[in-house]
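Single-structure report; data block below.
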Amino acid sequence: MSELQHIRPAGLTLSLLRRIARSSTLSVVIEPGWEKPVEAAARTVADVIARGDAAYGINTGFGLLARKRIPNDSLRELQSRLVLSHAAGTGAPLSEATVRLILVLKAASLARGHSGVRPVVIESLLDLVNHGVLPVIPSKGSVGASGDLAPLAHLTAALIGVGEVTAGGRTVPAAEGLAAAGLRPLVLEAKEGLALLNGTQVSTALALQGLFAAEDCMAAALVAGGLSVDAARGSDVPFDPRIHELRGQPGQIDIARLLRRLLSGSAIRQSHLTGDERVQDPYSLRCQPQVMGACLDHLRFAAGVLEREANAVTDNPLVFPESGDILSGGNFHAEPVALASDLLALVLAETGALSERRIALLMDTHLSGLPPFLVAEGGLNSGFMIVQVTAAALASENKLLANPASVDSLPTSANQEDHVSMATHAARRLGDMAENTTGIVAIELLSACQGIDFHRPLETSPCLRDALSIVRGDVPFYDRDRYFAPDIEAASRTISGGVWHRFMDEGLLPSAR
């Protein structure tokens, strides 16, 4: 059964976009009232053509060919040729979830009434979402300026019946997929192909997917960090609110508060409140508020940028029906998305790096006081020895992937587009980084729960006992060596499934607002 979701142009929220991305059963409609401004912008385009005025991309060529006037009887052909020539992407297709998000973002942007398209264009985009007919969009080929031209051209090609779509779990020719769903190919009028191709919706959708995955990783890493503190018989003193109020960093204050709540009522902590010879814990335990708080602050900043971009009008030229003006600008330049994606890359890398250090700490009996490699009968059993190596490999790979993409630029279109953002690459690599970080944090969850179990009959806090029961619901205590990969996969599914969000304070993560 399909669930109906109403959206409002310029009113998309992160929590709504997360639901759209992660549910294949949502049908999306735009709240009433959007048609009037869209029709007014389309009439403005028609008036320009009727007057014979030159307007970029409406009756001229594109890029460096903008000085070339196109006769009125060739304007439809101009738009279709534009789409076909620009559908030049390569690489593996984007995920269906990402494509669904792109379609909604593009429809919402056009529905703001500054792009000069007819209402049927917007309705056609939502028809693809609501009928489960999703364009096959190659993942590579955009530099994030003049919009995500190649990938959006593949989306638009599907609208006009060219290329491929996925429908019902099958990849079929676009014309066949449209026909099977009772949809007709769209015939593009003046400006419509350009409006569909210009825009930052692909890079924004990929960055949003990276944001949602980073939130999942952060939620799990914070719970895992609390478990690791108790598993290593660490102190909760570093989370005292007086420490963090003196610094005043909001994310740091929030993380310290969460860790205090997670650890409250732990019998393990009570057992070493006095007589413990250790004065301070290693940084990976003690400095969680400082590190993860900084990550949270930057994640929140990036989330704000991406929420604004999701609601933006980013094609070119832009139509202003009130004045009749059609203005060429540069809203298609995706620098905000590129920089936000680079921030999210740092968040993912640091979340994984700190988690890996806690895993290593738990392995080391001299630091943790736990059996070497978290298993009895060491020697006969290797225990968690190699899963820590896996975590180290993933953390190291993330260091390479975290290098900023936004500082790169390679001019295109005969130097007309002489500075580009590389936002699409910046955002796309977040998927690989999130997968790596998910694997690291999954290993920490397993390791920390193993350490907690070694303290029985002493128990951790009520909150962390709930977390332990989630892990143990899928993965039993590791009493002897066994095939390990399925355990990591099971713990990873809890992270990508958003299970750990329930342990977060209300409003801690942006898409929970």
Side-chain angles (χ1 to χ4, degrees), residues 214-276 278-300 347 350-351 354-355 357-359 361-362 367-369 441 444-445 447-449 451-453 455 458-471 494-495 498-510 512-513:
E215 289 181 321
D216 293 341
C217 290
M218 179 171 284
L222 291 169
V223 177
L227 286 164
S228 290
V229 168
D230 241 11
R233 296 173 71 248
S235 174
D236 57 358
V237 170
F239 313 137
D240 188 298
R242 292 170 292 181
I243 296 171
H244 307 287
E245 287 166 3
L246 284 176
R247 196 173 202 182
Q249 296 289 356
Q252 178 176 328
I253 291 168
D254 290 344
I255 297 301
R257 181 176 61 249
L258 175 66
L259 287 167
R260 290 195 303 274
R261 181 172 64 79
L262 290 175
L263 288 159
S264 178
S266 168
I268 297 173
R269 173 57 179 142
Q270 288 295 319
S271 72
H272 62 96
L273 275 174
T274 59
D276 194 331
R278 297 170 300 175
V279 177
Q280 292 184 329
D281 293 326
Y283 289 2
S284 60
L285 300 181
R286 183 177 12 138
C287 296
Q288 289 184 76
Q290 288 79 8
V291 177
M292 296 302 291
C295 287
L296 179 59
D297 285 334
H298 287 80
L299 185 147
R300 287 168 168 169
V347 168
E350 284 296 271
T351 298
L354 195 66
S355 178
R357 287 294 80 202
R358 292 192 295 265
I359 297 166
L361 183 156
L362 294 174
L367 290 173
S368 69
V441 177
E444 186 186 1
L445 285 168
S447 303
C449 287
I452 294 288
D453 281 340
H455 290 301
L458 292 175
E459 290 192 324
T460 187
S461 69
C463 194
L464 293 179
R465 285 202 298 273
D466 289 344
L468 179 65
S469 69
I470 290 171
V471 174
T494 69
I495 299 172
V499 167
W500 304 103
H501 285 256
R502 74 178 72 166
F503 293 87
M504 298 300 100
D505 292 335
E506 184 178 355
L508 184 76
L509 298 172
R513 292 202 303 265

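- No more than 12 heavy atoms of other residues, nucleotides or ligands sit less than 6.0 Å from atom NE2 of His298.
- Between the Ser264 side chain and the Arg260 main chain, no donor and acceptor come within less than 3.5 Å of each other.
- At most 12 non-hydrogen atoms from other residues, nucleotides or ligands lie less than 6.0 angstrom from CZ of Arg247.
- With values rounded to the nearest 0.5 angstrom, Leu299 atom CG is found 9.0 Å from Met292 atom CE.
- Proximity of a side-chain donor or acceptor of Arg261 to a complementary backbone N or O of Phe503 within less than 3.5 Å is detected.
- For the pair His455 (side chain) and Ala231 (backbone), a donor-acceptor distance under 3.5 Å is present.
- With Ser461 contributing its side chain and Leu262 its backbone, the two residues share a donor-acceptor pair below 3.5 Å.
- With hydrogens and angles left out, the side-chain atoms of Arg233 and Ser368 include no donor and acceptor closer than 3.5 Å.
- Between the CZ atom of Phe239 and the CG atom of Leu285 there is a distance of 7.0 Å, given to the nearest 0.5 Å.
- Side-chain atoms of Thr351 come within 3.5 Å of backbone atoms of Val347 as a donor-acceptor pair (strictly under, hydrogens ignored).
- Not one N or O on the side chain of Arg269 forms a donor-acceptor pair closer than 3.5 Å with the backbone of Thr460.
- Residues Arg502 and Asp466 are not in side-chain contact: their nearest non-hydrogen atoms beyond the backbone lie 4.5 Å or more apart.
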